[in-house]
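Worksheet: one structure, shown below.
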Amino acid sequence: MTIFQKTLIPILLFGLLSLHTVEAQDIQQAINALKDTLEVKEGEDRILVLKDIAMKFRSIDMDSARYYTKLAFNEAEALDDDYYRARIWIVYGILSWDEGRPKEALSFHLKAKPILENSKDYFVLGSLYTNLANTYEALSEFDKAVDFQFKALESFTEGKDTLWIAGSYLNLGNRYKLIQEPGLTMEYYLKALDLYERIGNNYFMAMCYNSLAVAYLENKQYNKAIEYAKKSYDTNKDVGAILELAYPLTNLALASWALGKYDEAELYYIEAIALQEKKGERLALISLKNDLANIYLNQGKMNRAEKLALTTYREADSIDYLPGIDALSKTLSLIYEEKPDFKKAYVYHQKHKAARDSLYFTEKAKEMFNLKEKYESEQKENEILRQKNELVEGELALKNRNNMLMGSGALLAILLIVGFVIFREQKVKAKNFARETALEKAMAEARAQENLKEQRLRIARDLHDNIGSQLTYLTSITDSAKRGIDKGEVFLMEKLTQMKQFSLVTISELRDTIWAMNKDEISLEDIKERTQQLAATVHEATDDKVRMKVEGRPDHKVLNAFVGMNLFRIIQESVNNAVKHSGSEQIQVRFTDIDKKVQIEIEDFGQGFDTLQSSNGNGLQIMKNRAEKAGIDFKQESIIGKSTKVTLQVKA
């Protein structure tokens with residue numbers, strides 16, 4: 001499952017339903033009932049009824065929703081009332097979101113914000129904050145998204161509105177789902193479901209069922225995911241929310257995909273896409289079409305996969321939607337790798353890398369946790385103040401009732417004695433704490449110096465090896481240019497351009513090495529992607545004379561940074577040796593899951609060598625040293641005139 005899929009699985013519908021409630025009844029009946037009341041409504045009441053009709057139409061007919069929103073705004077204009085204009089601006093923002101225009105939605109919500117904040121209407125203000133949270137999340141501003149969601153929770157708590165408190169819990173679960181915090185995700189989802197079940201709201205229960213299906217998908221409990229997705233589908237169908245069926249269908253498709261049932265997944269995706277096209281939710285459509293392209297890839301339908309992925313990539317690029325560009329460029333890279341067309345695979349791999357670098361997920365996730373802690377700290381401080389106030393009031397009442405003036409002197413003496421004892425104990429504790437702190441600080445500084453020394457050595461070694469591998473390709477290009485010097489200026493310019501490109505790649509690799517050394521973990525998926533980039537580099541440097549294919553799809557496993565970097569360097573050195581010495585036109589790298597280990601095989605089909613005579617080679621010794629230090633099982637086999645194979649195994 002791709003990062004993009006994980007990003008869009010949470011369906012942030014609750015906040016976008018701001019300012020209306022869908023009870024457990026047929027939506028069309030609810031609309032008809034509201035229309036019947038219009039004849040006796042006027043002024044402000046008429047505006048709110050028109051607004052409610054528009055919001056209910058969102059689930060069945062977007063054109064009608066737009067029509068009634070316009071009627072409501074015209075009524076607000078006739079009254080010349082800023083408060084009611086702001087209420088309808090929120091509805092316009094919600095409809096803009098539905099149609100895949102988050103920036104336009106944000107402009108409507110921000111226009112309404114200063115007006116509604118002066119109203120002190122907890123329900124309306126909480127709904128506004130929730131919509132702002134959803135919109136900022138779509139724009140990848142996750143710190144603002146969580147900040148506004150907690151503001152929404154505060155507003156609904158102040159207003160004692162159980163339905164919307166539950167909705168805030170649901171949205172918080174969705175946001176922590178985004179940064180893959182399963183504990184917090186499930187905690188908030190279950191809080192929301194409990195409240196919805198208490199008040200008997202089937203519409204939002206369906207939403208919770210769908211969110212729980214998402215959580216089970218993340219935990220790889222696919223049968224449970226299918227169970228809850230079907231509950232969501234059936235409940236939505238019962239209340240007449242036809243367009244909302246796209247979301248449980250999406251999760252049914254993902255679970256079927258994970259279980260290898262590609263034909264079932266394809267049917268679910270096609271049905272979900274049809275519903276989302278009717279609703280006009282562009283961001284969800286981009287996600288669904290990317291997934292369907294991957295299904296076609298798994299089924300071997302390469303032309304269909306390529307056509308769908310290219311069309312959807314252009315759509316995501318046209319609205320500058322980074323998560324979509326990230327996922328679709330990766331999908332296209334995989335498609336062209338399978339075709340095979342290594343030049344296009346390399347181009348889209350670079351686009352995927354650039355898009356991912358722009359998302360800043362790590363920094364945003366940290367900010368989200370800081371905001372959560374800030375909110376919970378403020379809640380605790382408020383509770384402590386409330387308890388203190390109650391305590392003070394109780395003491396005053398007790399003194400007034402019992403007239404304890406006669407005992408005040410004795411009480412004062414006791415308090416002084418106790419205070420003195422406590423003061424001495426605290427003073428001793430403070431001294432001991434200061435000593436312990438100083439000792440811990442000294443030990444931490446010593447450990448830091450040792451770690452810094454070790455890290456410097458590791459970085460120096462990795463940078464040296466990395467530069468060496470890139471210079472190998474630069475040398476190959478130089479030799480090629482020498483041999484073709486009589487081919488003219490165009491040929492030489494092409495080679496100079498290639499040299500420049502590989503120099504830039506060298507700089508990029510230096511940056512990536514430093515970045516990786518600062519990471520706690522490196523996933524096997526990242527290592528495979530880097531190996532695919534290496535394949536494209538080999539292809540480019542040798543003028544198509546050597547083709548390298550990367551096979552297998554490792555599970556979502558991670559290694560610590562030291563093991564991960566050494567594993568990639570061994571792969572890189574093995575490939576370099578094959579390019580320089582084997583004379584082979586083909587190199588294969590295979591990733592295979594074996595129990596709790598991952599096996600990587602690097603094999604060429606060239607001239608081979610005598611392993612006994614070559615055992616003292618510097619490159620081989622470096623690889624063995626790396627493997628030994630990182631706990632990687634290393635094995636090299638070679639048959640003269642046939643092939644050379646390096647086999648690596650690592651626990652993951």
Side-chain angles (χ1 to χ4, degrees), residues 6-24 55 59 94 122-123 125-134 137 142 145-219 221 224-225 227-236 238-239 241 244-245 247-248 250-251 368-369 371-372 375-376 379:
K6 292 177 182 177
T7 302
L8 289 185
I9 287 172
I11 307 303
L12 303 178
L13 291 177
F14 177 86
L16 300 179
L17 293 168
S18 302
L19 317 181
H20 84 298
T21 304
V22 180
E23 302 295 345
M55 292 303 295
S59 296
I94 293 168
Y122 294 122
F123 170 68
L125 198 55
S127 301
L128 170 67
Y129 288 149
T130 302
N131 285 298
L132 280 166
N134 291 334
E137 182 170 301
F142 304 116
V146 175
D147 189 19
F148 276 109
Q149 192 60 65
F150 279 123
K151 285 183 178 180
L153 179 57
E154 289 172 352
S155 293
F156 293 134
T157 302
E158 286 286 331
K160 298 180 181 179
D161 192 321
T162 304
L163 176 66
W164 295 86
I165 291 171
S168 294
Y169 287 152
L170 179 59
N171 272 350
L172 284 168
N174 287 334
R175 302 197 198 292
Y176 287 113
K177 175 70 180 61
L178 182 68
I179 58 168
Q180 301 176 43
E181 281 296 321
L184 288 170
T185 298
M186 193 65 76
E187 174 188 339
Y188 282 112
Y189 283 164
L190 292 175
K191 281 183 177 181
L193 182 59
D194 179 60
L195 289 179
Y196 288 138
E197 287 176 340
R198 288 185 194 179
I199 60 181
N201 191 303
N202 285 359
Y203 186 91
F204 291 123
M205 282 169 60
M207 201 175 297
C208 276
Y209 290 145
N210 189 63
S211 297
L212 285 165
V214 171
Y216 284 121
L217 270 173
E218 180 66 19
N219 293 333
Q221 295 174 264
K224 293 287 286 184
E227 175 189 342
Y228 276 92
K230 286 182 176 179
K231 281 185 177 182
S232 177
Y233 183 93
D234 293 340
T235 309
N236 271 313
D238 288 342
V239 300
E244 312 304 338
L245 297 177
Y247 305 113
T250 299
N251 290 321
M368 291 172 73
F369 279 113
L371 286 166
K372 174 180 180 292
Y375 169 78
E376 292 180 345
Q379 292 292 91

Indicate the atoms forming the closest heavy-atom contact of [X] with [Y], along with that distance.
X	Y	value
Cys208	Ala192	SG-CB, 3.8 Å
Ser168	Phe156	OG-CD1, 3.3 Å
Gly126	Ala152	O-CB, 3.4 Å

Please round to the nearest 0.5 Å and tell me the distance separating atom [atom1] of [X] and atom [atom2] of [Y].
X	Y	atom1	atom2	answer
Glu158	Leu153	CD	CG	10.5 Å
Thr235	Met205	OG1	CE	6.5 Å
Leu217	Asn251	CG	CG	5.5 Å
Asn171	Trp164	CG	CH2	10.0 Å
Tyr209	Lys231	OH	NZ	5.0 Å
Asp234	Asn202	CG	CG	12.0 Å

A side-chain contact here means heavy atoms from C-beta on lying under 4.5 Å apart; do [X] and [Y] qualify?
X	Y	result
Asp194	Leu190	no
Glu244	Tyr203	yes
Thr130	Phe148	no
Leu212	Met186	yes

message: Could you walk me through whether Leu170 and Tyr188 satisfy the side-chain contact (heavy atoms from CB on, under 4.5 Å) test, starting with their C-alpha distance in whole Å, then the side-chain angles of each, then the deciding distance to 0.1 Å, before giving a yes or no?
response: CA-CA 6 Å; Leu170 179 59; Tyr188 282 112; over 6 Å; no
task: Describe, in one word, how the ring planes of Tyr196 and Phe204 are oriented to each other, choosing from parallel (under 30°), tilted (30 to 60°) and perpendicular (over 60°).
output: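 Tyr196 and Phe204: parallel rings.
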task: May I ask you to decide whether Glu227 forms a salt bridge with Lys224, counting only side-chain N to carboxylate O separations under 4.0 Å?
output: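 Salt bridge flag = yes for Lys224 with Glu227.
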side-chain contact (heavy atoms from CB on, under 4.5 Å) assessment of Tyr122 paired with Thr157: CA-CA 9 Å; Tyr122 294 122; Thr157 302; over 6 Å; no
query: Any donor-acceptor pair under 3.5 Å linking the side chain of Asn210 with the backbone of Ala206?
result: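 Here the side-chain-to-backbone pair does not exist.
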query: Under the 3.5 angstrom rule, does the side chain of Ser232 hit a backbone N or O of Met207 as a donor-acceptor pair?
result: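 Side chain of Ser232 to backbone of Met207, a donor-acceptor pair under 3.5 Å: no, none is there.
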- prompt: Any side-chain donor-acceptor pair under 3.5 Å between Asp147 and Tyr129?
  reply: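 There is no such pair (donor and acceptor under 3.5 Å, judged by atom type) between the side chains of Asp147 and Tyr129.
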Lys230 to Tyr233, cation-pi by 6.0 Å centre distance and 45° axis angle: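 Judged by the rule (NZ or CZ under 6.0 Å from the ring centre, within 45° of its axis), Lys230 is not positioned above Tyr233.
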